Amino acid sequence: MARKTHRPDDILWTVTAADIDAVLSQKYAKQNLSNNGRDVFSSSRGISSSNQDMSSGDLEHTGEACDISLGEVLDTKYPRKSLVKLFEEKLIHINGHKATPKDAISVDDEIWIAMAKEKIDHDPIEMDLSVLYEDEDLFIVDKPSGVTVNSKDQLSLANGVAHYFKEHGIKRKVRFLNRLDRDTTGCIIIAKSGLAQSLYQQQMDNNTFEKWYMATVEGIVEADEDTLVFPMERSADGIHYEVNAKGKETRTDFSVLCRHSSQPVDNSVNKSENSVDIGLKNVDIELVDVDKNNPNVDKTVYKSNKCGYTEVLVRLYTGKTHQIRVAFSHLGHPLVGDTLYGAQPTGQPFQLRAQKVVFTHIRTGEHITVMA
């Protein structure tokens, strides 16, 4: 429903010459492609092909009108599907007036994208949430072990987030941008609007939204680092996932942090120089960012029948269910305690933590790092 007042999470910006140039560049690129290199300008606009790099300002001097629509400008900034509902509910404006995608737009016009009010779509149940980050568009919490993200007919993190939204007047659906298994801890990312969900999903799809994990696996991993590319799909039992040529390709990068032998150990992580073996040629993270003194990191040391265990830093590029667990099990190094994928029982949950996310703020362009 249309409204007349601004809220803090609305998007407000002024059209610039660069916005117009972006539309023109996109249009001319499509024209060039469709005409297979023919002289697009001479055939469609009467402009010499030598002027293909002209900006909108240059075009104004030719005396030709540059009719640019609001929809064309928005297409250079946002996924089109994320704007459909906003246009339907008349929540997009030009200079304070309700707009349509076909409305003409020019430099210095004021664009206002109002965020729609929604009904919270989960039962609000109070939960002790550890909030790691919050802004107008994102809400990131530290998920504890033993809690599902979003399960029907049982208490899940979605209920706790819904309660937080209700208590803080956030009238939005709960939109998870990632999922973690019941026993996996760490960063869970929630988008506060459909527009934010689409924009940050784009970053995930092009791997500019980074997701980093720490895991403890059975045995001594010999490679200092590696890129694991495997096709995965759900197995016939409907519970496991497996490496299968018919599955969807996944990518998991890792770098070894520590290798521990099977000798008796105490309940603190061995940090001596002799136990640390680091290789980071293919993994773009500074190890100083890995906080092993973080009180949220479980430092319990496990012993298994296999020879020792290895701590690894993992970057997840794709988001297949159980991807990290399947990848390391396929290598012969299942996560310690992950009996579902062949590990020896320890009596405790497997060790996997979503420790860090890195993304570009959709409003400011700032590079944001959030640690769990």
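For the numbers below, each heavy atom of this structure counts, side chains included, while hydrogens, waters and symmetry mates do not. This one's a predicted model, so the numbers in the text were calculated from it and none came from an experiment.
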Checklist entry - Looking at residues at least two apart in the chain, or sitting in another chain, which of them share a side-chain contact (heavy atoms from CB on, under 4.5 Å) with Lys85? => result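 For Lys85 the side-chain contact (heavy atoms from CB on, under 4.5 Å) partners, ignoring immediate neighbours, are Glu89, Glu118.
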
Determine whether [X] and [Y] make a side-chain contact, defined as any pair of heavy atoms from C-beta on separated by less than 4.5 Å.
{"X": "Tyr164", "Y": "Val141", "result": "no"}
{"X": "Leu24", "Y": "Ile68", "result": "yes"}
{"X": "Leu70", "Y": "Thr100", "result": "no"}
{"X": "Arg259", "Y": "Thr310", "result": "yes"}

Residues that [X] engages under side chain to side chain donor-acceptor pair (under 3.5 Å), provided they are two or more places apart:
{"X": "Gln203", "result": "none"}
{"X": "Gln154", "result": "Arg182"}
{"X": "Thr76", "result": "none"}

Is [X] salt-bridged to [Y], going by a charged N under 4.0 Å from an acidic O?
{"X": "Arg172", "Y": "Asp9", "result": "yes"}
{"X": "Arg175", "Y": "Asp121", "result": "no"}
{"X": "Arg251", "Y": "Asp253", "result": "yes"}

Just by distance, with hydrogens left out, do [X] and [Y] show a side-chain donor and acceptor under 3.5 Å apart?
{"X": "Arg353", "Y": "Thr185", "answer": "yes"}
{"X": "Glu110", "Y": "Thr14", "answer": "yes"}
{"X": "Asn159", "Y": "Asp123", "answer": "no"}
{"X": "Trp212", "Y": "Glu210", "answer": "yes"}

Item to check | Gap between atom CG of Leu138 and atom CG of Leu132 - 0.5 Å precision | outcome: 12.0 Å

Checklist entry - Pick from Arg315, Gln323, Lys320: which one makes a side-chain hydrogen bond (donor to acceptor under 3.5 Å, both in side chains) with Thr252? => result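 Among the candidates, only Gln323 passes.
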
Checklist entry - Do the ring planes of His260 and Tyr309 sit parallel (below 30°), tilted (30 to 60°) or perpendicular (above 60°)? => result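 If you compare the ring of His260 with that of Tyr309, the planes turn out parallel.
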
Checklist entry - Parallel, tilted or perpendicular: which describes the rings of Tyr241 and His322, with under 30° parallel and over 60° perpendicular? => result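 Plane angle over 60°, so perpendicular.
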
Check [X] against [Y] and note the closest heavy-atom contact, atom names and distance.
{"X": "Ser156", "Y": "Thr148", "result": "CB-OG1, 3.3 Å"}
{"X": "Met115", "Y": "Ile113", "result": "CE-CG2, 3.5 Å"}
{"X": "Lys119", "Y": "Lys173", "result": "O-CG, 3.8 Å"}
{"X": "Met232", "Y": "Ala327", "result": "CE-N, 3.8 Å"}
{"X": "Gly247", "Y": "Pro231", "result": "O-CB, 3.7 Å"}
{"X": "Gly186", "Y": "Ala372", "result": "CA-CB, 4.1 Å"}

Next on the checklist: For Lys143 and Asp181: C-alpha separation, side-chain torsions, deciding distance, then whether salt bridge (charged side-chain N to carboxylate O under 4.0 Å, His left out) applies.
Outcome noted: CA-CA 10 Å; Lys143 177 189 153 325; Asp181 296 332; over 6 Å; no

Next on the checklist: Has His93 got a side-chain atom pairing as donor or acceptor with Lys98's backbone, closer than 3.5 angstrom?
Outcome noted: no

Checklist entry - Would you find a donor on one side and an acceptor on the other, under 3.5 Å apart, between the side chain of Ser329 and the backbone of Arg325? => result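 The answer is no, because no donor-acceptor pair under 3.5 Å joins these two groups.
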
Next on the checklist: Please enumerate all residues that pass ring pair (Phe, Tyr, Trp, His ring centres under 6.0 Å) together with His163, with sequence neighbours excluded.
Outcome noted: none

Checklist entry - Just one of Phe230, Phe350, Tyr341, Phe254 clears the ring-ring contact (aromatic ring centres under 6.0 Å, His included) bar with Phe328, so which one? => result Phe254

Next on the checklist: Tell me every residue that passes salt bridge (Lys or Arg N to Asp or Glu O under 4.0 Å) with Glu72, counting only those two or more places apart in sequence or in another chain.
Outcome noted: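 Partners of Glu72 under the salt bridge (Lys or Arg N to Asp or Glu O under 4.0 Å) test: Lys27.
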
